[in-house]
Q: 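I have a structure I would like to understand better, so I am pasting it below and will then ask my questions one at a time.
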Amino acid sequence: MDSSPVTALVPPTRIRTVGDASMRPDGQYVLYWMTAYRRGQANFSLQRAVEWCRELNKPLLILEGLQSDYPWASDRLHRFVIQGMVDNARHFSGHTVTYYPYVESEPGAGRGLLRTLVSSACVVVGDDFPCFFLPRMVSAVAARTPVRMELVDSNGLLPMRTAPKVFSRAFDFRRFLQRELLPHLAERPQTDPLADIALPTTTVRADILQRWPAVVLDDADQDTRWLSKLPIDHQVHSVPSQGGSVEANRRLESFVTQKLTRYGDDRNQPDKPATSGLSAYLHFGHLSAHTIFDRVTREVAWSPDQVSPKVTGSQTGWWGAAASVEGFLDQLTTWRELGFNMCWQRTDFDQFDSLPDWAIQTLETHTEDPRDFSYDLEQFEQAATHDPLWNAAQRELVRDGHMHNYLRMLWGKKILEWTESPRVALDVMIHLNNKYALDGRNPNSYSGIFWVLGRYDRAWGPERPIFGKIRYMSSANTARKLKLKQYLAKYGPLQQQSLLDPAPR
DNA sequence: ATCGGCTCGCGCAA
DNA sequence: TGCGCGAAGCCGAT
C-alpha cells in the first residue's frame with residue numbers, strides 16, 4: 001500500500017457541514033477542535049483544517065480539551081488523555097501551529113472557552129465520532145456556532161457514510177466490505193499534513209489564557225498530584241499503560257514484529273498473548289486505523305492485487321495473506337468498522353431494544369426464570385462472586401483497565417446469568433466496562449457487550465434457563481480450554497488491600 | 001482431540 | 001421459496 005499515492009484532499013464523503021453559518025474570511029485563524037482523534041498524524045480532521053488554512057492563508061489553532069464532568073471521568077481516563085497531550089504538544093511544537101491543551105479544573109470551568117475561540121475563527125473543524133456523549137456535545141455546539149463548522153470522519157478505513165444500512169451480521173458486513181473497501185484503502189490520510197508547509201502563526205490572547213489556562217505538561221510525571229485536585233473519580237486509579245501516540249506507535253511496532261505471525265494461534269492465550277493491545281489507543285484517537293493497516297501490510301508486503309476476485313463474505317481467503325494476517329485484518333476492518341456502522345446508523349445502539357427481535361423475544365421469555373445466583377452492581381464491582389475465574393477477570397479490568405479477549409465474553413455471559421433481568425445485566429456491563437476499561441465508551445465496547453445478548457449472533461440450542469436461545473458459556477469449559485494458572489495467580493484476591501486502592505508503584 | 005447435533009435468521013439465487 | 005452459512009457455544013460419543 002505504501003507505494004500508492006496519498007490522497008491530495010480529504011474525501012468529501014468524510015466531511016459534513018453542521019449548522020448553516022458561513023465561513024468568515026476576516027477571522028484570525030482556522031480552529032481545529034480535537035475531541036476524538038487526539039493525534040497529529042494520519043488525521044483527516046487535522047488535514048481538513050490545514051486545507052482551510054492554506055486556502056485562506058490563515059494560522060491554525062488546535063484546541064484539545066478535556067472536560068471533568070463527563071460520565072466515568074477518572075484518574076485513569078484523564079491520565080491517559082493527558083499523556084497523549086504531552087506527545088501532541090511535542091509533535092506540534094515542531095510545526096507552525098498553535099496547540100492549546102486545556103483540562104477543565106472544575107465542572108463547568110471550560111464553559112465559554114470554545115465559544116470565545118470560535119468568535120475569532122474563520123471556520124471550525126471538529127471530529128465526527130458516533131458514540132458516547134460526543135455527538136450530543138458537538139451538535140449542541142454546532143447549533144449556536146456563528147461560523148461554518150465541519151465534522152470530519154477519521155474513525156476508520158471505510159467512511160461511515162458509505163455503508164447504506166445497519167448490518168446485523170458480521171458476515172453481511174464483511175461481504176459488503178469485500179465489494180467496497182478497496183477504493184477507500186487508497187484514500188489514505190496524509191501521515192503529517194503539516195509537513196513542509198509554513199502557515200502564518202497566531203497566539204492565544206492573554207485574557208483567554210488567564211481565564212482558561214493551558215495545561216502545564218512539563219511535569220506530567222507528577223500528574224497524580226494535580227489530578228487529585230480535579231473533580232473526577234479518584235477511586236479508579238491510573239494504570240501502568242502509558243497513553244499517547246508515542247506509546248501507541250511503539251506498541252504497533254512491537255506487535256507487528258513480534259506477535260503478528262502468532263496472532264491466529266495465540267490471540268486468546270493468556271500466558272503468551274499475541275494481541276496488539278492497541279484498542280485504548282484507537283479509542284482515544286492516539287493511533288489511526290490507517291497507520292495500523294499500512295504498517296501491517298508493509299510488514300508482510302501485501303498489496304491489493306492479492307485480493308481474491310471472489311466475494312463470499314468468508315473470514316478467510318479474501319485478503320490473500322497468511323492466516324494470522326487475515327485474522328488481524330478481519331478484526332481491524334470487519335469487526336471494528338461494524339461497531340461504527342451501528343453507532344453511526346442508530347442512536348439507540350446502547351439500548352436493550354436495539355437487539356434483534358429473536359434475542360429480545362427469547363430473553364423476555366426467560367426473564368422470570370429463577371436465578372441460582374444473583375448479585376448487585378457492587379458485588380460484581382468488588383469481584384465478590386462465587387466464581388474465581390469471573391472474579392479474576394473482573395479484577396483484571398479494575399486493576400489494569402482491560403480484560404482478556406476471550407474472558408470478556410464469559411464475563412458478560414455470567415453477568416446475564418447472575419442478575420435479576422437481562423436489562424439490568426446490560427446496565428451492569430455498560431457501567432463496569434465504561435468505568436474501568438480504557439477502551440470503553442467506544443462503538444466496539446458496545447459490540448462486545450451486545451454480542452453477549454445476541455447482537456451479531458444467532459440462536460443456539462438447546463434452549464436453556466435465563467439464556468433461552470442466546471449462546472451460553474460456562475466457566476468450567478473456559479478453564480478447560482485455556483491455560484489459566486498464571487492468570488488466576490496474577491489476578492487472585494489481594495490479601496490486605498482493597499481492590500479500589502491505587503496499585504503499588 | 002475431534003466429531004455431530006442442537007438450532008435459526010438472513011441475504012441471495014432461483 | 002429454498003439454501004447455505006454463521007466470532008469465540010455446549011454436550012456426549014468416539
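In what follows, chains carry the letters A, B, and so on, assigned in the order in which the sequence lines appear, proteins first and then strands, with residues in each chain numbered from 1.
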Q: Distance check, C1' atoms only: dA8(C) and dG11(B), in whole angstrom units.
A: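 dA8(C) and dG11(B) have their C1' atoms separated by 23 Å.
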
Q: I'd like the C1' distance from dA7(C) over to dC12(B), given in whole Å.
A: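 Pairwise C1' distance, dC12(B) against dA7(C), rounds to 23 Å.
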
Q: Under 4.0 Å from OP1 or OP2 of dA7(C): is there any side-chain N or O of R174(A) that close?
A: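 For dA7(C), OP1 or OP2 has a side-chain N or O of R174(A) closer than 4.0 Å.
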
Q: When you check the phosphate oxygens OP1 and OP2 of dC10(C), does a side-chain N or O of N477(A) lie under 4.0 Å from one of them?
A: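 Answer yes for this pair, as a side-chain N or O of N477(A) is under 4.0 Å from OP1 or OP2.
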
Q: Given the rule that a pair is Watson-Crick or G-U wobble with both distances under 3.5 Å, how would you write DNA chain C in dot-bracket, using | for pairs to a different strand?
A: ||||||..||||||

Q: Let's see if you can work this out: which of dC10(B), dT7(B), dA8(C) has an atom nearest to the side-chain heavy atoms of D172(A)?
A: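 Nearest listed nucleotide: dC10(B).
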
Q: Give Q361(A) one of three labels, base, sugar-phosphate or nothing, depending on what nucleic acid heavy atoms sit under 4.0 Å from its own.
A: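 Answer is nothing: Q361(A) stays at 4.0 Å or more from every strand.
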
Q: Salt bridge check: are R14(A) and E150(A) linked by an N-O gap of less than 4.0 Å?
A: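 E150(A) and R14(A): not salt-bridged.
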
Q: How would you label the contact of K413(A) with the nucleic acid (heavy atoms, under 4.0 Å): base, sugar-phosphate, or nothing?
A: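 Contact class for K413(A): none.
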
Q: dC12(B), dA8(C), dC10(C): which one has an atom nearest the side-chain heavy atoms of S474(A)?
A: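 Out of dC12(B), dA8(C), dC10(C), the nucleotide with an atom closest to S474(A)'s side chain is dC10(C).
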
Q: 5'-most contact on DNA chain C: R480(A) or A459(A), nearest heavy atom basis?
A: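 Residue closer to the 5' terminus by nearest nucleotide: A459(A).
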
Q: Which word best sums up how the rings of F132(A) and W72(A) line up, parallel for under 30°, tilted for 30 to 60°, or perpendicular for over 60°?
A: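 Rings of F132(A) and W72(A): parallel, as their planes differ by under 30°.
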
Q: If you only use heavy atoms from C-beta on, which nucleotide in dT7(B), dA7(C), dC10(C) is closest to the side chain of R458(A)?
A: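 The nucleotide sitting nearest to the side chain is dT7(B).
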
Q: Using a 4.0 Å heavy-atom cut-off across all strands, classify W460(A) as base, sugar-phosphate, or nothing.
A: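 Base: the residue W460(A), judged by heavy atoms under 4.0 Å, touches a nucleobase.
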
Q: With a cut-off of less than 4.0 Å, is there a side-chain N or O of Q315(A) near OP1 or OP2 of dA7(C)?
A: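 Result: yes.
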
Q: Do W390(A) and F380(A) have ring centres separated by under 6.0 Å?
A: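 Here the rings of F380(A) and W390(A) have centres that are less than 6.0 Å from each other.
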
Q: Scan E463(A) against the nucleic acid and name what it touches under 4.0 Å (heavy atoms): base, sugar-phosphate only, or nothing.
A: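 It contacts nothing in the nucleic acid.
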
